[in-house]
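Here's the structure we're looking at; comments come further down.
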Amino acid sequence: MKVSILDQAPVLSGKTPQDALKESMKLAQFGEKLGYTRYWIAEHHDFPGLASSAPEVMLGYIGANTEKIRIGAGAILLPHYKPYKVAETFNMLATLFPNRIDLGIGRAPGGSAEASIALSGNFLENVRNMPNSIKDLLHFLYNNYPSDQLFSKITAHPFPDVAPVPWILGTSEKSAIQAAENGTAYAFGHFMSDKDGIETVNTYRSSFRKNEDIQEPQVIVTISAICAETTEQAEELALSWFLSKIQTDKGEKNNGIPTIVEVRNYSFTSEEEKRIKEMRQKMIIGNPKEVKKELVELQSAYDADEMMIVTITNSYESRKKSYELIAKEIW
């Protein structure tokens with residue numbers, strides 16, 4: 001089974017954003033050593049607990065400190081940007097790090113309404129124009145604008161020998177159809193979706209139209225997972241993430257992922273306990289054998305080409321240990 005890493009660059013309680021970004025680079029190096037297929041980093045805006053607002057900057061840093069693992073954005077939030085600039089940026093990364101660059105494309109705001117306005121003005125209008133933006137971006141990546149089009153006169157330099165591989169990321173039928181109609185690979189966010197993911201992925205496969213670079217549908221399914229030596233340890237580690245989400249949902253100031261001590265000193269209400277059970281259903285938490293079993297079952301249910309894991313714990317050491325235990329159990 002191919003397994004990869006999705007990193008949200010979490011800032012932990014008592015740590016700094018600089019600490020988080022340095023640990024992201026170390027995680028990519030560690031993932032490469034363990035045999036993970038790819039490492040993607042997400043984009044968020046005005047989230048004090050998540051440090052990566054510019055994946056393209058981090059990818060230059062990570063690419064320079066790794067050798068072979070595929071690296072990419074999971075995702076660049078296209079409504080905020082002009083396709084030409086995105087193509088230039090990722091073509092430059094693909095020139096620096098040949099045959100290693102993935103360009104994940106998303107349509108979420110990645111932050112508050114105020115942050116979206118500050119980034120790109122009328123976000124909803126940009127979302128409505130997303131189908132055209134995707135087509136423009138792909139033309140720039142493949143340098144294949146029809147000759148009668150204005151943009152056929154320009155190229156997103158530097159133009160690499162191997163183009164970045166485009167992936168559309170999503171949690172809905174709309175994103176699946178966009179990926180299929182544009183002939184891109186598709187990454188489904190199981191960990192953040194309330195939809196029937198299997199039906200969504202099947203829609204993508206059945207509607208797929210090949211293009212010059214991607215001949216067959218390709219599917220990644222992303223899942224949140226926490227693995228530890230014992231089930232009890234894993235469940236305790238997960239409580240830090242649950243408390244962080246609860247605090248964020250309540251609008252409370254979040255100084256990073258809470259420590260175990262902070263979690264133990266917190267009294268969850270009955271409503272919060274209910275919320276934890278809901279979040280727990282979208283996660284895989286357990287010892288190595290339990291996590292592998294659930295990963296294999298999920299991969300089989302989706303018939304996914306690859307599974308991608310996002311892991312957030314209360315220490316960078318336990319996060320790395322989680323990825324290590326999963327890798328050793330799978331391979």
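Predicted, not measured: the structure shown is a model, and the values here were computed from it.
Side-chain contact between Ile41 and Ser24: present, with at least one pair of heavy atoms (C-beta onward) separated by less than 4.5 Å. Between His139 and Gln149, every side-chain heavy-atom pair lies at or beyond the 4.5 Å cut-off. By the 4.5 Å heavy-atom criterion applied to side chains, Pro258 and Val263 are counted as neighbours. Counting heavy atoms from C-beta on, the side chains of Trp167 and Gln218 come closer than 4.5 Å. Proximity of Phe191 to Val310: side-chain heavy atoms (C-beta onward) are separated by under 4.5 Å at one or more points. Contact of the Phe90 side chain with the Ile76 side chain is registered, since non-hydrogen atoms from C-beta on lie closer than 4.5 Å. Side-chain contact between Val165 and Ile101: absent, with no pair of heavy atoms (C-beta onward) separated by less than 4.5 Å. Side-chain contact check for Thr89 versus Tyr81: every heavy-atom pair is 4.5 Å or farther apart.
For Glu290 and Thr231, the side-chain atoms include at least one donor-acceptor pair closer than 3.5 Å. Side-chain contact of Tyr266 with Glu272: a donor-acceptor pair under 3.5 Å is present, judged by distance alone. For the residue pair Asp136 and Ser133, no side-chain donor N or O sits within less than 3.5 Å of a side-chain acceptor on the partner.
Of all heavy-atom pairs between Ser172 and Phe188, the closest is N-CE1, 4.3 Å. Residue Thr311 comes nearest to Ser322 through the heavy atom pair CG2-OG, 3.9 Å, listed as atom of the first residue, atom of the second, then distance. When every heavy atom of Ile257 is checked against every heavy atom of Pro10, the shortest pair comes out as CG1-CB, 4.2 Å. Contact record, Leu325 with Pro288: CB-CG, 4.0 Å, taken as the closest heavy-atom pair. When every heavy atom of Ala225 is checked against every heavy atom of Ile309, the shortest pair comes out as CB-CG2, 3.7 Å. Of all the heavy atoms in Ser4 and Thr37, the pair that sits closest is OG-CB, 3.3 Å.
Within a 6.0 Å radius of NZ in Lys282, more than 12 heavy atoms belonging to other residues, nucleotides or ligands are found. For Asn132, the CG atom is densely surrounded, since the number of other residues' heavy atoms within 6.0 Å is greater than 12. Heavy-atom neighbours of Gln215 CD from other residues, nucleotides or ligands within 6.0 Å: above the threshold of 12. When the shell of 6.0 Å around CG of Asp194 is examined, it contains 12 or fewer heavy atoms from other residues, nucleotides or ligands. Residue-environment remark: CE (Met92) stays at or below the threshold of 12 foreign heavy atoms within 6.0 Å. Other residues, nucleotides and ligands place more than 12 heavy atoms under 6.0 Å from the CE atom of Met1. Annotation for Glu67: atom CD does not count as buried by contact number, only 12 or fewer foreign heavy atoms lying within 6.0 Å.
Applying the under-4.5 Å side-chain rule to Ile, Leu, Val, Met, Phe, Trp and Tyr, the cluster around Tyr84 extends to Phe140, Tyr145, Leu150, Phe151, Ile154.
Residues Ile177 and Leu169 fall into different hydrophobic clusters, defined by Ile, Leu, Val, Met, Phe, Trp and Tyr side chains chained together at heavy-atom separations under 4.5 Å. When the side chains of ILVMFWY residues are joined at heavy-atom separations under 4.5 Å, either directly or via intervening members, Ile69 and Tyr61 end up in a single hydrophobic cluster. Val86 and Ile71 fall within the same hydrophobic cluster, where Ile, Leu, Val, Met, Phe, Trp and Tyr residues are linked whenever their side-chain heavy atoms come under 4.5 Å apart, directly or through other members. Residue Tyr36 is grouped with residue Val221 when hydrophobic side chains (ILVMFWY) are merged at heavy-atom distances under 4.5 angstrom, including chains of intermediate members. Linking Ile, Leu, Val, Met, Phe, Trp and Tyr whenever their side-chain heavy atoms come within less than 4.5 Å puts Val219 and Val3 in one cluster.
If you look at Phe30 and Tyr323, their ring centroids are not closer than 6.0 Å.
Ring geometry for Phe123 against His80 counts as tilted: the plane angle lies between 30° and 60°, on a 0 to 90° scale. Taking the six-membered ring where the residue is Trp, His44 and Phe47 present perpendicular rings, their angle passing 60° and hence far from 30°.
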Subject >> Step-by-step side chain to side chain contact (heavy atoms under 4.5 Å, CB included) determination, Arg275 to Asp249 >> reply: CA-CA 10 Å; Arg275 174 77 176 114; Asp249 292 346; 3.2 Å; yes
**OP:** Please step through side chain to side chain contact (heavy atoms under 4.5 Å, CB included) for the pair Ile246 and Ile276, ending with a clear verdict.
**Re:** CA-CA 8 Å; Ile246 286 169; Ile276 287 173; 3.9 Å; yes
**OP:** Apply the test salt bridge (charged side-chain N to carboxylate O under 4.0 Å, His left out) to residues Lys277 and Glu273: give CA-CA distance (whole Å), side-chain angles for both, the deciding distance (0.1 Å), then the verdict.
**Re:** CA-CA 6 Å; Lys277 288 181 180 178; Glu273 293 281 3; over 6 Å; no
**OP:** Report the C-alpha distance between Ile105 and Thr184 in whole Å, list the side-chain angles of each, state the deciding distance to 0.1 Å, and finish with yes or no for side chain to side chain contact (heavy atoms under 4.5 Å, CB included).
**Re:** CA-CA 10 Å; Ile105 305 160; Thr184 74; 5.7 Å; no
**OP:** Take Leu237 and Asn314 through the side chain to side chain contact (heavy atoms under 4.5 Å, CB included) test and state the conclusion after the steps.
**Re:** CA-CA 7 Å; Leu237 285 172; Asn314 51 51; 3.8 Å; yes
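Between Glu88 and Lys82 there is no salt bridge, since no side-chain nitrogen of the basic residue lies less than 4.0 Å from a carboxylate oxygen of the acidic one. Ion pairing between Arg128 and Glu125 holds under the 4.0 Å rule for side-chain N and carboxylate O. Ion pairing between a basic and an acidic side chain is recognised when a charged N comes within 4.0 Å of a carboxylate O; Lys293 and Glu297 show such pairing. With salt bridges taken as basic N to acidic carboxylate O contacts below 4.0 Å, none links Lys274 and Glu271.
A distance-only check finds no donor-acceptor pair linking the side chain of Glu236 to the backbone of Ile260 [under 3.5 Å]. Between the side chain of Ser193 and the backbone N or O of Gly189, no donor-acceptor pair lies under 3.5 Å. With Thr200 contributing its side chain and Asp196 its backbone, the two residues share a donor-acceptor pair below 3.5 Å. Looking at Ser244, its side chain never comes within 3.5 Å of a backbone N or O of Ser240 through a donor-acceptor pair. Put simply, the side chain of Asn143 never gets that close to the backbone of Phe159: no donor and acceptor are under 3.5 Å apart. Judged by distance alone, with hydrogens and angles left aside, the side-chain atoms of Ser120 form a donor-acceptor pair with the main-chain N or O of Ser116 at under 3.5 Å. A distance-only check finds no donor-acceptor pair linking the side chain of Arg107 to the backbone of Leu78 [under 3.5 Å]. Using a distance-only test at 3.5 Å, with no hydrogens or angles considered, a donor-acceptor pair links the side chain of Asn126 to the main chain of Pro79. Using a distance-only test at 3.5 Å, with no hydrogens or angles considered, no donor-acceptor pair links the side chain of Asp46 to the main chain of Ala115. With hydrogens and angles ignored, the 3.5 Å screen pairs no side-chain donor or acceptor of Lys68 with any backbone N or O of Glu32.
For the pairing with Glu306, the salt bridge (charged side-chain N to carboxylate O under 4.0 Å, His left out) check across Lys2, Arg38, Arg70 returns one residue only, Arg38.
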Donor-acceptor contacts under 3.5 Å from residues 49-60 side chains, at least two apart:
residue: Ser52; atom: OG; partner: Ala42; partner atom: O; Å: 2.9

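How far CD1 of Ile220 is from OH of Tyr302: 13.5 Å, rounded to the nearest 0.5 Å. Atom CD1 of Ile223 and atom NE2 of His190 lie 4.0 Å apart (nearest 0.5 Å).
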